[in-house]
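Report on the following structure.
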There are 2 protein chains.
Amino acid sequence: MKSSAKQQSTREAILDATDRLLARSGYKKMTIDDLAKEVGIGKGSVYLHFSSKEELVLSHIDRIIDRLQIKLSAIAEESAKPSARLRKMLEMRVLHRFDGVQHYTQSLNDLLSAIRPNFLARRESHFENEAQIFVAVIEEGQQNGDFAEGDARKIAESLVLATNSLLPFSLTTQELGERRDIEEKTRQIANLLLQGLIKRE
Amino acid sequence: MKSSAKQQSTREAILDATDRLLARSGYKKMTIDDLAKEVGIGKGSVYLHFSSKEELVLSHIDRIIDRLQIKLSAIAEESAKPSARLRKMLEMRVLHRFDGVQHYTQSLNDLLSAIRPNFLARRESHFENEAQIFVAVIEEGQQNGDFAEGDARKIAESLVLATNSLLPFSLTTQELGERRDIEEKTRQIANLLLQGLIKRE
DNA sequence: TTTCTGACCAAAACGTAATTTTGGTCAGAA
DNA sequence: TTCTGACCAAAATTACGTTTTGGTCAGAAA
């Protein structure tokens, strides 16, 4: 039996190569043969880790989101004020997503059109998971009196949703604009939202 | 010389027919011949009003936005409190856009991919124009002491941007979800944003 | 045994050449 | 002066033979 650590590292190597090839050629032109060659394994071995090309790319996206969630959770557990943590989480979330696909110059549409239904479903669940991380911080702020009362889950969903139009999705990072502008716009929205959360004297 | 009122009504009839055909067949399958037949005019007459198929469809979208801007301006001039007006404007904006393309079941992607560059450019300018309508109301609220001080233009852009992810764009209305849910989500976000705007005692 | 591989295959993608449809024009009708 | 539809080049579609590709699996490697 192969060590699961080794299995895991092969899996990671495949996903790393997927990222490179996706950036280089887009979804349709990226072939499993090329991918295997890039990783230095046999083609069949790719299918030991992923059941299909679509599943492979979806997993690659999942990995970006997993990493995001780890970073979000880390901030959520810091010791700063809840409002400061939320602000930081909102900004980091947008920039992480921006950076995660910055090198895909034109290929986002290609990818989206190829795997649309499953991708949209996952995207929805990613948002839900991300919102859940915000919930804990919001509840903390409510309990310590910083924030006004309210359904923490709904508030979390609103925070996420309100910054979603800044995420690369149908628009590539180029079409979205300069990274610094995205950052500034996110900060503006986050400020307004958080002012709204903070309890009035 | 033909009366400009008659010219205008033909133009409107063409745009009405464009809306119907776009809903029925999508951008690529909608032909100018069909369109002329639907309106009951000759094909060449279509080109008396629009210089190309792309321009035609762009004008159709412009019309949706023009109507939106008229409704936004109307609300902006009502006598309710600035915060109430802004809330109403934000909700109306999202629902107007939702209703404007609700009958395009699958064809938004088709349209987007066909006219992408010019469409994106216009979209950007639509947002800027919409934001400008918000500016006046925000400044009014700042002057009468309801709202905290701040760059009204930037605030307006934030309000618009924060609700943009609820607009049909790459996602069709079906993919966005139920109208009542969109309405609820918009209201949630608007509440949070406006709480953030309101001046603290 | 367990892990990995690449030859293999059906299906999809691609080239391409013949055919049809379509966006756009414009000479002349109304 | 306004409108039209026959007309045309270009683009889309079809038909079809060829190539490429996603996915499998019998057997090699470990």
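Every chain is numbered from 1, with letters handed out A, B, ... down the list of sequences. What you see is a predicted model; the values in this text were computed from it and never measured.
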Grab the [atom1]-[atom2] distance between [X] and [N] for me, whole Å please.
| X | N | atom1 | atom2 | value |
| --- | --- | --- | --- | --- |
| B:Asp110 | D:dA12 | CG | C1' | 14 Å |
| B:Lys37 | D:dG5 | NZ | P | 10 Å |
| B:Gln7 | D:dT1 | CD | P | 12 Å |

Will you find, in the side chains of [X] and [Y], an N or O donor that is under 3.5 Å from an N or O acceptor?
| X | Y | value |
| --- | --- | --- |
| A:Ser59 | A:Glu55 | yes |
| B:Arg97 | B:Thr163 | no |
| A:Asn164 | A:Arg93 | yes |
| A:Arg153 | A:Gln132 | yes |
| B:Asp19 | B:Tyr104 | yes |

On the six-membered ring of B:Tyr27, is B:Lys53 placed so that its NZ or CZ lies under 6.0 angstrom from the centre and within 45° of the ring axis?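 Because its charged atom sits under 6.0 Å from the ring centre and within 45° of the axis, B:Lys53 does stack over B:Tyr27.
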
A:Asn191: which residues meet the side chain to side chain donor-acceptor pair (under 3.5 Å) condition with it, sequence neighbours left out?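 Side chain to side chain donor-acceptor pair (under 3.5 Å) list for A:Asn191, sorted by chain: A:Arg87.
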
Contact string for nucleotides 20-27 of chain C, one letter per nucleotide 5' to 3', B = base within protein heavy-atom range under 4.0 Å, S = sugar-phosphate only, - = neither, reads --SBBBB-

By the definition side-chain contact (heavy atoms from CB on, under 4.5 Å), identify the one residue from A:Leu194, A:Leu166, A:Leu90 that meets it with A:Ile189.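 For A:Ile189, the side-chain contact (heavy atoms from CB on, under 4.5 Å) check succeeds only for A:Leu166.
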
Under the 3.5 Å Watson-Crick or G-U criterion, the dot-bracket string of DNA chain C, with | for inter-strand pairs: ||||||||||||||||||||||||||||||

